[in-house]
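To start, the structure itself, in structure tokens.
Quick note on labels: first sequence line is chain A, next is B, and so on, each numbered from 1. In what follows, every heavy atom counts, from backbone to side chain, and hydrogens, waters and symmetry copies are set aside.
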There are 2 protein chains.
Amino acid sequence: MSLNIKDIAKLAGVSPATVSRVINNTGNVNEESRERVLKILGETGYKPNALARGLIHKRTNILGIVVPDISNINFSELVKGIEKEARNHGYNIILTTSGNEFEKEIECFQMYNEKRVDGIIFSGTRFTENHKIEMDNSTAPFLVFGQDFEHEKLLTVNIDNNKAAYDAAMFLFSKGAKNIAMIGGPLWDRAAGYSRFMGFLSAAVENGLNPKELIYEEGDFTIKSGYRIMKSILNKKIVDAVLAANDFMALGAIKCLSDEGISVPDEVQVMGFDDNIISEIYNPSLTTVKIDFYEAGKICAKALINKINGIEVEKNVKFPYEIVVRKSTK
Amino acid sequence: MSLNIKDIAKLAGVSPATVSRVINNTGNVNEESRERVLKILGETGYKPNALARGLIHKRTNILGIVVPDISNINFSELVKGIEKEARNHGYNIILTTSGNEFEKEIECFQMYNEKRVDGIIFSGTRFTENHKIEMDNSTAPFLVFGQDFEHEKLLTVNIDNNKAAYDAAMFLFSKGAKNIAMIGGPLWDRAAGYSRFMGFLSAAVENGLNPKELIYEEGDFTIKSGYRIMKSILNKKIVDAVLAANDFMALGAIKCLSDEGISVPDEVQVMGFDDNIISEIYNPSLTTVKIDFYEAGKICAKALINKINGIEVEKNVKFPYEIVVRKSTK
DNA sequence: TTAAATTAAGAAAAGCTTTTCACGAGGTAA
DNA sequence: TTACCTCGTGAAAAGCTTTTCTTAATTTAA
């Protein structure tokens, strides 16, 4: 059914080598043969087998992507950016989702190794010994998005979470907040948990708050946990502003406050992280630290492809964020 | 750097054939050799090259996916379902987005052909001559999601759009509507445009409306077009219900009605299609025909993989929908 | 005219694995 | 003992393309 290069060669009355030379535009083929081959190529619609090509060149032009959940809009935007940029450079992507489970992540890495992808982009939260082993063994370069894992072979792309959280908290203070609580991520998440907490802490101390009395509770980035923690905070202390480590938790907090009859932003200001699509249409709309995942995806793809092609790249890329002011703050 | 099967063979003191037999559990290797090989495999972490394997078996265990836009929640759910089910069967997915552009779709098909994927899942709106040619030439089976294209080699997975629109309109009538307008899709979109219109038409006629006076306007599935068309409808005729061909347009319609001071659902009931995540949290929340894209994705993957493996499959799968009643209808 | 260089094109190897074929050893049945 | 099986194993081919190596033919330079 499917033709191969030998068939084409026979049809054109030349050798496979010549056909290959025509297809790849490596010189040394005279005009007449060239045209005969091109004619047959057009008629048959022959396409060279990428497997055989990959075997020779030790390249597949495929990037392997691992994200926790593609139906989370942040990650789908990220993947969209990666795919867009990758395709512009002649690369395709194999996509797998991990649900943030380590074993699945490791499985994916191994699969990508078998498939001989040219590079791997990984978005996850933890860096276990097994992750390290896979990266050590991998011939394909790794890029981690959204974390600052330290590994000699690793590229990372991330925002400066510490500074972003600091800026967000300072913004709340500038809007008259005196007592800010944080609905944070788990501290083992070094980026969205730990670093954002540290930024928050700096700003709080700078504004005269006592670090001992600071309210920080760990959620799991869901709307539900935001709701639950907001309720718990209300029982402990009177606050006039809440900084959440992502938009979902911020939205949960707003829902809780409105259920309790507390006005946002008049009595309590709320701020999130990410700029989820829902944050704009929610009522009240959410002030947040916008992270452009689509652009981030492009940056990831470009950096990794450069690395693959031996072009010098920055090892730890920081990309910009932006505070988007809406109705949940004064 | 990277080991191959010859290296493993040398280390274990056997031939490559024997190593292969151990890896693939094809019998005829005695226990002693087997253990020696396994030991080396464990120590080295060797993984066979999928390219070479694919070349021999004429199989890649990869499915190619083409969707218009991965950051549209419907498609990301679809892809998530596909990926989940595919992985359960030992397949991976290469993902490309087309923006609904024909040339890109065709390009993707050709790329998938070169990469020798085992099957292709395509979500698009039109079926041109070029699409047909690619499907004719493809050795990999095709599955189309969300359309009813006719082609001998084609599998399709879809809801019964005609019946669903009929049911939706009948639901509105049952809630007291007398004059229903439809904000539809373009009629060249045979599924979400044409078929949903036909279903709406049947229900309208059945309820004594004059087909000549029926209001149907074509939008492009965006919130904006829903808003614009709603406004246009209000200028033409008094209606007490609107059926939109998707949720985005329905939400646009609600926004328009509320801007005009018209109460939903008291004065005008609104209903959509899809059950977008936003539809639930919008105010008022939207009554809609829920399409479970995640399940649909699983169905697609399963059907296609069965086809690949020579298992008899239904050529045109219809999967269920469900009317979700919320606050935009009485 | 001879030597050197260039061009054109095929043969064959390489890339890595699986599978078929062939072969020897050991066992069983007649 | 002979004939036939089974088992375990390695050599080699096949899958498809690219690239290197050769060779032959033609052109250019001396």
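Across the protein-nucleic acid pair, Leu51(A) atom CG and dT18(D) atom C1' stand 15 Å apart, rounded to whole Å. What separates CZ of Arg36(B) from C1' of dG8(D) is a distance of 12 Å, to the nearest Å. Atom CD1 of Ile5(B) and atom P of dG15(C) are 15 Å apart (whole Å). Rounded to an integer number of Å, the gap from CG of Asn49(B) to C1' of dC16(C) is 6 Å. Atom CD of Glu114(A) is separated from atom C1' of dT18(C) by 15 Å (rounded to the nearest Å). Between Asn4(B) atom CG and dA14(C) atom P there is a gap of 13 Å when expressed in whole angstrom units. Atoms NE2 (His57(A)) and P (dT17(D)) sit 12 Å apart, rounded to a whole Å. Atom CD in Glu31(A) sits roughly 11 Å away from atom P in dA9(C) (whole-Å rounding).
Note on Arg87(B) versus Glu83(B): salt bridge recorded, some NZ/NE/NH1/NH2 to OD/OE distance being below 4.0 Å. Salt bridge Asp69(B)/Lys80(A): present, at least one basic N to carboxylate O contact under 4.0 Å. Of the charged side-chain nitrogens involved, at least one lies within less than 4.0 Å of a carboxylate oxygen, so that Lys39(B) and Glu43(B) count as a salt-bridged pair.
Residues Leu51(B) and Gly54(A) come closest through the heavy atom pair CD1-C, 3.6 Å.
Along DNA chain D, the nucleotide closest to Arg116(B) and the one closest to Asn30(B) are compared, and the more 5′ of them pairs with Asn30(B).
Interface residues of residues 9-25 of chain A facing DNA chain D, ordered by number: Ala17(A), Ser20(A), Arg21(A), Asn24(A); criterion, heavy-atom separation under 4.0 Å.
With dT17(C), dC16(D), dT17(D) as the choices, the nucleotide that has an atom nearest any side-chain atom of Ala52(B) turns out to be dT17(C). Checking dT18(C), dA9(C), dC16(C) against every side-chain atom of Ile56(B), the shortest atom distance belongs to dT18(C). Across dT18(D), dA9(C), dT17(C), the shortest atom-to-atom separation from the side chain of Val29(A) is found for dA9(C). Side chain of Asn28(A), nearest nucleotide from dG15(D), dG15(C), dT7(C): dT7(C). In the set dT18(D), dA8(C), dT17(C), the nucleotide with an atom closest to the side chain of Arg53(B) is dT17(C).
Sorted by first then second residue, the side-chain hydrogen bond (donor to acceptor under 3.5 Å, both in side chains) pairs that include residues 293-310 of chain B, not counting sequence neighbours, are Arg59(B)-Asn309(B).
For the OP1/OP2 pair of dC16(C) and a distance below 4.0 Å, the side-chain nitrogens and oxygens of Lys58(A) include at least one atom meeting the criterion. A close approach under 4.0 Å does occur between a side-chain nitrogen or oxygen of Tyr46(B) and OP1 or OP2 of dT17(C).
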In sequence, state the C-alpha distance, the side-chain angles, and the governing distance for Phe122(B) and His131(B), and then conclude on ring-ring contact (aromatic ring centres under 6.0 Å, His included). CA-CA 11 Å; Phe122(B) 170 47; His131(B) 287 76; 5.7 Å; yes
Applying side-chain hydrogen bond (donor to acceptor under 3.5 Å, both in side chains), run through Asn316(B) and Thr156(B) and close with a yes or a no. CA-CA 5 Å; Asn316(B) 301 110; Thr156(B) 66; 2.6 Å; yes
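As judged by a 4.0 angstrom heavy-atom cut-off over every strand, Thr26(A) is placed among residues making no nucleic acid contact.
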